[in-house]
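First comes the structure, then the notes that go with it.
Atoms considered below: every heavy atom in the structure, side chains included; atoms not considered: hydrogens, waters and symmetry mates. Here is the naming used below: chain letters follow the sequence lines, and residue numbers restart at 1 for every chain.
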Amino acid sequence: MHFKNRLNLLIFANYLRKRNLMDYQFAAIEQKWQKFWAENQTFKAETNSNKPKYYVLDMFPYPSGAGLHVGHPLGYIASDIFSRYKRLKGFNVLHPMGYDSFGLPAEQYAIQTGQHPAITTEANIATYRRQLDQIGFSFDWSREVRTSESSYYKWTQWIFMQLFNSWYNLETDKAEDITTLIEKFNAAGSANVKAVCDEDVKNFMPSDWAAFTDEEKQVELLKYRLTYLKESTVNWCPALGTVLANDEVKDGFSERGGYPVEQKKMMQWSMRISAYAERLLQGLNTIDWPEPVKEMQRNWIGKSVGASVIFPISLTPTLSAGEGADNYGYETADPLLWEILKTNARVNRVNQTEAEDTLWQKIRNNQTGHKIRRQHPIGSYIADFICLNKRLIIEVDGGYHLEIQENDKIRTEALNQLGFDVIRFSNYEVLSDINLVSEKIKTELEGRPDIATKKVSNLSSLSFGEGRGEAGIEVFTTRVDTIFGVSFIVLAPEHELVQALTTEAQKEDIEKYIAQTKKKSELDRMADTKTVSGAFTGSYVINPVNNELVPIWIADYVLAGYGTGAVMGVPSGDQRDWLFAKHFNLPIIQILDAQKDIEVEADPTKEGRYINSDFINNLGYKEAISYLNHWLEREGVGKAKVNYRMRDAIFGRQRYWGEPIPVYFKDGLPYLIKEEELPLLLPEIDKYLPTESGEPPLGRATDWSYEKQYEYELSTMPGWAGSSWYWYRYMDAQNENKFASKDAIAYWKDVDLYIGGSEHATGHLLYSRFWNKFLKDLGYVNEEEPFKKLINQGMIQGRSNFVYRVVDEEGKGTNTLVSYGLRKDYKTSALHVDVNIVENEILNVNKFKEFRPEFANAEFILENGKYICGVEVEKMSKSKFNVVNPDDLIKSYGADTLRMYEMFLGPLEQSKPWNTNGIEGVFKFLRKFWRLFHNEEWVFHVDDSIPTKAELKALHKIIKKVQDDVERFSFNTSVSSFMIAVNELTDLKCKNRQVLEDLVVVLSPYAPHICEELWSLLGNTDLSNTPYPTFNPAYLQEAEFAYPISINGKMRMNLNLSLSLEQDQATEIVLANDQVQGYLEGKTPKKIIFVKGKIVNIVV
RNA sequence: GCUCGGAUGGUGGAACUGGUAGACACGCAGGACUUAAAAUCCUGUGCCCUCAACAGGCGUGCGGGUUCGAUUCCCGCUCCGAGUACCA
């Protein structure tokens, strides 16, 4: 139906007028039935039903001002077909719709225009509703909900209160009421509490707890509550004037609006979703969701199994700032010197003398009561053995060290200068009476002051290795097996220990580096992953497995927010560490015999056996991990640990248009309002902007305080609050006493089919699962997972059309436009042209002149008398003139055509550009279907004859096909099959009532309006609840089959054979066939494959 | 980089468990009807060779493999799309 010019349009209008009386009148039919469904509440789900339930849900739409474009209904049409089909199949179907009506766009609009967001929201909803209605969806509108209505957000606030009143008990592995925590505190203090909580919780006895003031108790409890107030680093978006959750930030910009986002410390409400990390991860294995969405959630949760290891900070000689540095008198922190010492230490250890080894076995592992290290670099020397805390060096002379014996005196003096004493033993002493030597060492150690504690007190913020009494740096690693390959430690520049660890000599370097890092924006830092940068702090840690000194660096490739903000650098196994080591000339130590080419790049293999790895040498990966985890735990320097990437979710927004948080503040502490005081209504304000003092808009509300004296929380809930539980409200939307009754929840249970876009993968779908699990823990709901089956509909992209304007020598546009195929002959620039005036790439020139008046007198260079436009697939957007509005299509073709066409376009889950090129085929199909029920004069006519075999076959083919297709969500293929069925029945001139009636039922989920009309013309009622026809395979059975005969796998001909024939009889007939013999060219078949009802293959 | 999808005529796509590749629709070409156009109906339409028919050859991103038989299974690559990222 294209109008090449105005004349055609007139003729078409005339044709429509003539058709009015008889042809398929989609507009009238569709209006009639939409009205009928609304008036009769046809799709109201029953609350008490003996039928099995089926819950079909579409993702909660935000009613934007732009209304629906052609991509939005795709999922709604699919879910509607499914719902209607399930009703025919005898299910009590819940298929609701509502609006996620709090949100930023309405508020941005309010800021610009001063209009109350409630008013714009209301108007947008009206548009939305009108558009939804005209597509003929079978929603149960009696259950409509809007998150911005107080009758709804009352319950969002109520759930917030439950979260505030709960803590996560790791022993029972679920959320519990906060009173059970208080009981534990009363009974046994904090000792036996295993909870997911803040890091800074106090350790206290029951008596302490009893002695706490109420305020102190509240402060402590807040660290356990599932929603809590905490100073945290947030994503602050200055342009929007609010904080954003991690999932609302994309590449350093806000998802809505694309404004820059920065990091800022603020007091914020948070949700302790991290408590549910493991359950959220495990639950994914139980639900039927698309793999990419599950994968995204897994990545978001980011579970890593590994170990935490504490690297004690070496107190010599680098941590001497304050008192040490001057005493030592020279710069031992020189990295170059370190490099040499390190290598020597390694060589020495490998080449140990018998005496050294004997002594080492006697004094290692705290056998003397003190930690002793071997081959430890001190100053410019390597000590054989050293006890750092006691500043004592033990040397064994002779053997390997013979050549330096003459230097002993100088050496001793130098070490003394560094604050160390040296005791010496000869090889002979050690080998003849090791016990005596060991006793001497012990006595010497006992008599010396322990300087470690004194040192450590300078570093009060350091973490401590359990049972060690030494300061340390905790790292998280998934490859603890590579710990012998550690050649440096890297801290994030923001790490809290950086200041403390930086030596005087390195101070300038470090400060310069931190300044440089701060200048880089978050985005630069992420984009620039190639440049290696970092700075040396001047300090060292001690690798607990081999007591080697390891230098501490800072670098921005380590993130403060993940793990402990510190990593152990293993250049041979990790490419980033490798690059770092290469750049700063740090050693690369091979630790597995299977590692290859580690001079060229890191080899992260887990294959092979360990080398250079002391006590795990010769082990394999699994044994090494398990051995080390035990070893670390026994030594008190680490343990196996699971780490999650997922952070707690920030829950407050400094905005107006959201749910008020039902909290007031007394003496700076948050308290809930009383349950019977819900809902806490959103107050009216004069302007939708922050106050002059920078408080959120709610600060403008006058007379808005709790009990006239306490200030309410001024931030509101984020956009995802209302959508995190809405599917339960649909179960019992009008309930005034509960968010939904127990009975309704028990009956409807969960969502059987959930359709929506994959953009909600890490936001809504994760938060909803979290709230659902929480509500289940508290016994309010019954299912662990809310959405059993999820389908992501593909995006409908825009398909832009272009005209080509000829440009002159200077590149200036002329008044000439050239058709697509001829544009190569000219210099042109492409201009977007409204897709609505282009049909099958042919430009409607007259409409174009109207659309772009500056081209009213333009010249058009045509090809074959037509102006052909260029095409490109882009995002659907106003600025690209490629938005297709469903209203226009419904006007031209009707809702049934639109519904079927959107399905016909291709598989639901696949993204595709919108393109109306095929819509006429679908429209023609519906007319052809309509005509089946009418005679030549368009008068309704069916007969009551007995259906023929061919008619029944066509019918039952489609009965089966549609049920198979719908069950596997393959809607596009059933549209094709409908066309085939109607084509077949048309060819058969079928007018048979029985056949046509069944056909109407089968088609009705796809094209409900036309089917309702025909159903009533056939004299029936209540199509929506008519049983789906029963498939009878007998009608499809054939006596014969045209077997494809292939020779050597190549199809040559078809041969009709009875289906009752078995292999022997069949091959006999096939081989007797002249044509077959012709193909065989006299050769004898080697083998004959016969698959009954499928194929005959002759191998020669 | 990693993870997950995908690649079939001029176009959208079909082929469900390894068994006739290209259903259905669009587009295009030809024809009927018409003064004409639109609409409608009919016929043809993967590519190559051939006047045409018959027959044949090629053909599901590329290269191999398994199999009587591969769009489908396996191995290796190329390209496109989506998500994600110094996550230790």
Counting the atoms with a prime plus P, OP1 and OP2 as sugar-phosphate, which does Gln910(A) contact under 4.0 Å by heavy atoms, base, sugar-phosphate, or nothing?
sugar-phosphate
Within this structure, what is the NZ-to-P distance between Lys294(A) and G83(B), rounded to whole angstrom?
21 Å
Taking the minimum atom-to-atom distance to the side chain of Pro907(A), which one of G13(B), G19(B), C87(B) wins?
G13(B)
Suppose you measure atom P in A70(B) against the same atom in G18(B); what distance do you get, rounded to whole Å?
14 Å
Just name whichever nucleotide pairs with U67(B), Watson-Crick or G-U, keeping both distances under 3.5 Å, else none.
none
C86(B): pairing nucleotide in any strand, Watson-Crick or G-U under 3.5 angstrom:
none
Between Tyr557(A) and Phe580(A), what is the ring plane arrangement, given parallel below 30°, perpendicular above 60°, and tilted in between?
tilted
Flag for Ser974(A)-Ser977(A): side-chain donor and acceptor within less than 3.5 Å
no
Mind checking Pro913(A) for me? I need base, sugar-phosphate or nothing, with any heavy atom below 4.0 Å counting as a touch.
nothing
In the structure shown, which nucleotide is the Watson-Crick or G-U wobble counterpart of A39(B), with both distances under 3.5 Å?
none
Whole-Å distance, Arg645(A) CZ to A85(B) P, equals 6 Å
Which whole number of Å gives the distance between the C1' atom of U34(B) and that of A38(B)?
10 Å
When rounded to the nearest Å, what value does the distance between C1' atoms of G1(B) and U72(B) take?
31 Å
Who is the Watson-Crick or G-U wobble partner of C28(B), with both distances under 3.5 Å?
G44(B)
So, does the side chain of Asn917(A) form a donor-acceptor pair with the base of C26(B) at under 3.5 Å?
no
Rounding to an integer number of Å, can you tell me how far Glu902(A) CD sits from A25(B) P?
20 Å
Rounded interatomic separation in angstrom, taking NZ from Lys1094(A) and P from A21(B)
14 Å
Can you tell me the Watson-Crick or wobble partner of A53(B), both distances under 3.5 angstrom?
none
Chi angles and distances behind the salt bridge (charged side-chain N to carboxylate O under 4.0 Å, His left out) call for Lys582(A), Glu601(A):
CA-CA 10 Å; Lys582(A) 269 279 164 199; Glu601(A) 60 177 348; over 6 Å; no
Determine the contact category for Asn983(A): base if any of its heavy atoms lies under 4.0 Å from a base atom, sugar-phosphate if only primed atoms, P, OP1 or OP2 are that close, otherwise nothing.
sugar-phosphate
Aromatic ring pairing Trp930(A)/Tyr24(A), orientation class (parallel under 30°, perpendicular over 60°, tilted between)
tilted
Is any NZ, NE, NH1 or NH2 atom of the basic residue among Glu278(A) and Lys303(A) found under 4.0 Å from an Asp or Glu carboxylate oxygen of the other?
yes
Paired nucleotide for C79(B) [Watson-Crick or G-U wobble; both distances under 3.5 Å]
G6(B)
Side chain of Lys912(A), heavy atoms from C-beta onward: which of A88(B), C24(B), G13(B) has the nearest atom to it?
G13(B)
Using the P atom on both, measure G63(B) against U8(B) and round to a whole Å.
16 Å
What nucleic acid atoms does Arg647(A) come within less than 4.0 Å of, heavy atoms only: base, sugar-phosphate, or nothing?
nothing
Compare all side-chain heavy atoms of Trp914(A) with those of Leu905(A) and state whether any distance is below 4.5 angstrom.
yes
Whole-Å P distance, A15(B) and A23(B):
13 Å
Report the distance from atom CD1 of Ile919(A) to atom P of G13(B), rounded to the nearest whole Å.
16 Å
Is Val1091(A) touching bases, backbone alone, or none of the nucleic acid, heavy atoms closer than 4.0 Å?
base
Hunt down the Watson-Crick or G-U wobble partner of U72(B), both distances under 3.5 Å, from any strand shown, or write none.
none
By nearest heavy atom, map Ile1098(A) and Asn1054(A) onto RNA chain B; which one lands nearer the 5' end?
Asn1054(A)
With heavy atoms under 4.0 Å as the rule, sort Lys1086(A) into base, sugar-phosphate or nothing.
nothing
Determine the Euclidean distance between corresponding C1' atoms of U20(B) and A14(B); express it in Å to zero decimal places.
14 Å
What is the minimum heavy-atom distance between Ala555(A) and Ser533(A), and which atoms define it?
CB-O, 3.3 Å
Pairwise 5' ranking along RNA chain B for Met979(A) and Gly1093(A), keeping only the more 5' one
Gly1093(A)
Hey, does the Lys NZ or Arg CZ of Lys960(A) hover above the aromatic six-ring of Phe1031(A), less than 6.0 Å from the centre and inside 45° of the axis?
yes
Rounded to whole angstrom units, what separation is found between the CG atom of Asp964(A) and the C1' atom of A14(B)?
15 Å
Per the O4'-C1'-N9-C4 / O4'-C1'-N1-C2 angle with a 90° window around 0, G9(B) comes out syn
Complementary nucleotide for C33(B) - Watson-Crick or wobble, under 3.5 Å
none
Rounded to whole Å, please give me the gap between CD in Glu920(A) and C1' in A38(B).
11 Å
Base, sugar-phosphate or nothing for Glu295(A)? Non-hydrogen atoms, less than 4.0 Å.
sugar-phosphate
Among G19(B), U40(B), A88(B), which is the nearest nucleotide to the side chain of Arg931(A)?
U40(B)
With the side chain defined as heavy atoms from C-beta on, Asn1097(A) is closest, among A23(B), G13(B), G19(B), to G19(B)
Can you tell which of A88(B), C68(B), U20(B) lies closest to the side chain of Leu559(A)?
A88(B)
For Phe904(A), report the nucleic acid contact type (base, sugar-phosphate, nothing); a contact means any heavy atom under 4.0 Å.
base
Can you tell me, in whole Å, how much space there is between the P of U71(B) and that of A39(B)?
39 Å
P spacing across the pair U43(B) / A25(B), given as an integer number of angstrom:
12 Å
Under 4.0 Å, heavy atoms only, any strand: does Tyr1079(A) hit a base, just the sugar-phosphate, or nothing?
sugar-phosphate
Test salt bridge (charged side-chain N to carboxylate O under 4.0 Å, His left out) applied to Glu984(A) and Lys953(A), step by step
CA-CA 10 Å; Glu984(A) 282 174 352; Lys953(A) 188 182 172 188; over 6 Å; no
Are OP1 or OP2 of C87(B) and a side-chain N or O of Thr478(A) less than 4.0 angstrom apart?
no
Could you tell me whether Arg927(A) and Glu920(A) make a salt bridge, using a distance below 4.0 angstrom between a side-chain N and a carboxylate O?
no
Using only side-chain N and O atoms of Asn299(A), determine if any of them is under 4.0 Å from OP1 or OP2 of C87(B).
no
At under 4.0 Å between heavy atoms, what does Lys960(A) touch on the DNA or RNA strands: base, sugar-phosphate, or nothing?
nothing
Whole angstrom is fine here: how far is it from CZ in Arg1052(A) over to P in A55(B)?
11 Å
Considering only A88(B), G19(B), U40(B), which nucleotide approaches the side chain of Ile1095(A) most closely?
G19(B)
Which nucleotide in the set C58(B), A88(B), A25(B) lies at the smallest distance from any side-chain heavy atom of Lys1050(A)?
C58(B)
With heavy atoms under 4.0 Å as the rule, sort Ile980(A) into base, sugar-phosphate or nothing.
sugar-phosphate
